[in-house]
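To keep things clear, I will list the structure first and then write my remarks on it.
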Number of protein chains: 2
Amino acid sequence: MKTKSTIVQVAKRIGVAPSTVSRAFTDPGKLKPETVQRVMDAAAEIGYVPNHHARALITGRSGAIGLVLPDVANPFFPPLIRYAQLAAEDYGLAVFVADTAEDTKRELQMIERLSPQVEGLIIASSRLSDRVLQTIAERQPTVLINRDVAGVPRVLISTSKALEEGLRHLVEAGHTRIAYVGGPARSWSDAQRHGCVQSTLERFGLEPHFFRAKSGNYADALEVSGEVEAAGATAVIAFDDVVAHGLMSGFRAHGLRVPEDINVLGCDDTLAITTHPPLSSISLDLASAARSAVTILRSAGRPGASSDQRFELEGSLVLRGTTN
Amino acid sequence: MKTKSTIVQVAKRIGVAPSTVSRAFTDPGKLKPETVQRVMDAAAEIGYVPNHHARALITGRSGAIGLVLPDVANPFFPPLIRYAQLAAEDYGLAVFVADTAEDTKRELQMIERLSPQVEGLIIASSRLSDRVLQTIAERQPTVLINRDVAGVPRVLISTSKALEEGLRHLVEAGHTRIAYVGGPARSWSDAQRHGCVQSTLERFGLEPHFFRAKSGNYADALEVSGEVEAAGATAVIAFDDVVAHGLMSGFRAHGLRVPEDINVLGCDDTLAITTHPPLSSISLDLASAARSAVTILRSAGRPGASSDQRFELEGSLVLRGTTN
DNA sequence: TATTGTCGTGCAAACGTTTGCATGCAAGAG
DNA sequence: CTCTTGCATGCAAACGTTTGCACGACAATA
């Protein structure tokens, strides 16, 4: 592990000022092409690589962003991590990932810890209050994912249109007792989906039946399946695919067949074809969402950036084997 | 977004030298308790928070580690991320996550990009060659997870004992045609499991049947299930739970019942009870693994650190509904 | 030929810390 | 009463960059 080489060593080597070496890396257009080449060669020879921290210290830009999310293990998030990282790469940014374990206290703590060492924060599915989020956003560039807070840039992955379409499909197929099984109480997505089911069903003159899988995990959904069944629902919309999966297992355990006895529509399309039968769901363009978030983050803090950007994109209905 | 406050502003405020403020934060024992208190109060008042980069510049420690892994979306890794982050937190370290998308080129690239800005690297399930990994480890503190390269610190999550136990169980239940369906070709875990199945079965005087799900994902496993069936296997060991899941779906599609017609044993226990029937698998202590990795990383680079640490921990067999 | 402009490069002052050394002071030892 | 010791703090030099300003050379214009 030999000692790191610096910009002045490179400079000495070819008899040039340190500032010239610096410029060769940060703004080559200012230099004679030949000089740039000489610098690059020398740098390569002695294995010079710019010191991130020195650079960050003087420019005030850390070259990193933070991605905070409630639960890495929830299949919704890993793709988000991947795409966010991919997008960040294009801007030369690295990504800190912080798992808050669905804990508000911890979320705040992680944000405060990350805050000073990143250029911006992407906060996905935050459980924090609007006020707190606004305060955070005032302090540094922030973009929210799936959380709609006025005045702070956000990208929302809406499922309203697709959900409406799915509901219409169910109603047309003759279903009249339709249930919605919600997820985490503080989740924006859950509120949105809940509201959509309610208003759409009312429009059809149907009364919605609401249930909730407290933590939105498989076990909770499994448990609540009995109630759904007891309510006599013939179709159920699940907060997300993992809830849908749990419900299906519960139904099967009780001898109900999907889709013959009860239809199931998931959301987020994280499980795709891995259930039996393959789960009908609502597919999300996470790649776009992540890319937008990073882009917005980049432009935030810049002069003339609107602080009230709201980027909404729609999921699309994918009918597979759990609906008829 | 008011301007950040610095150490000298805090110092001025209470008429003390900047170095004193610095010490209050880094080495309070050196100061009179009363002074420390005054510094802390003043810091809190003007909202001072130490600048990470300035600190990193002079100490040479960046306060971050990198975690590189082949695929965030593989359910094996999210828990690893969470636990690694938890362990890192205890040392005041933040975690960069890098997804290599199972691509060797990209893995190397990510490592080189991350390398200058972290204190150490945790590389999980690397697809790089031994030689390359050794070179990397020479340049900076590195610990490998599930990769056994001499001379570089590593934590191995072995499944040999549990696998042997599982095989014995199957054999005692009367199975004679037992198959192993492997995963990614360059994976250490796969090689280890393959070898274990081979030697154990030979010991029992049985001939193993080998197959492979190329990328180790659900779709590949689904596809290979036909071959396994055609070979007349009555029990199959899968590289991991997602392969097991794919196989089960394939079997079911062909009218085979699990476990009546064919037994299935997964590995890594990432799917737990979410399959039907609940998957027998081998459970891993990822929390310990992550914690060890971080701890080893911390001690590496320190004087007197052995460069050949090899930390091995065993998985444990969990019999559920897919074996009899 | 004198004047202005452009281009390529160097100089030196930051950026916000940490840390070895020096200093002053009070208390204990002789 | 002097001398030593140790503690609490201050001073100033780093750490490795970036960047505004200045400078000289040369070309273009007048």
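Below, chain A is the first sequence line, B the second, and so on; all start at residue 1.
For B:L57 and B:A17, each mapped to the nucleotide of DNA chain D holding its nearest heavy atom, the one lying further toward the 5' end belongs to B:A17. In terms of position on DNA chain C, the residue among B:V8 and A:G29 whose nearest nucleotide sits closer to the 5' end is A:G29.
Taking atom NZ of A:K32 as the reference point, atom C1' of D:dC26 lies 12 Å away to the nearest angstrom. In this structure, A:R23 atom CZ and C:dC7 atom P are separated by 15 Å, rounded to whole Å. Atom-to-atom, CD1 of A:I58 to P of D:dT18 comes out at 8 Å; the value is rounded to the nearest Å. The distance between atom NE2 of B:H52 and atom C1' of C:dC15, rounded to the nearest whole Å, is 16 Å. If you measure from atom CG of A:D27 to atom P of D:dT19, you get 9 Å, rounded to the nearest angstrom. Between A:F25 atom CZ and D:dT19 atom P there is a gap of 15 Å when expressed in whole angstrom units. Regarding B:I7, its CD1 atom lies at a distance of 14 Å from the P atom of C:dC15, rounded to whole Å. Look at CG on A:N51: it is 18 Å from P on C:dC15, rounded to the nearest Å.
B:L31 comes within 4.0 angstrom of the backbone, heavy atoms only, and of no base. At the heavy-atom level, A:S22 lies under 4.0 Å from base atoms of the strands shown. Looking at heavy-atom distances under 4.0 Å, A:Y48 makes contact with sugar-phosphate atoms alone, never a base. Here A:S19 lies in heavy-atom contact (under 4.0 Å) with a base.
When atom types are taken as modelled, the side chain of A:S126 and the backbone of A:I123 share no donor-acceptor pair closer than 3.5 angstrom. Counting only distance, with no hydrogens or angles, the side chain of A:R38 and the backbone of A:I14 share a donor-acceptor pair below 3.5 Å. Remark: side-chain polar atoms of A:E102 are not paired, donor with acceptor, to backbone N or O of A:P70 under 3.5 angstrom. For the pair A:R61 (side chain) and A:A56 (backbone), a donor-acceptor distance under 3.5 Å is absent. A donor-acceptor distance shorter than 3.5 angstrom exists from the side chain of B:R106 to the backbone of B:D99, with no hydrogens or angles considered.
In this model, the phosphate group of D:dT19 is not approached by any side-chain N or O of A:T26 to a distance below 4.0 Å at OP1 or OP2. Contact annotation: A:T35 side-chain N/O to C:dT9 OP1/OP2 distance is under 4.0 Å. For the pair B:T59 and C:dT18, the criterion of a side-chain N or O lying under 4.0 Å from OP1 or OP2 is not met.
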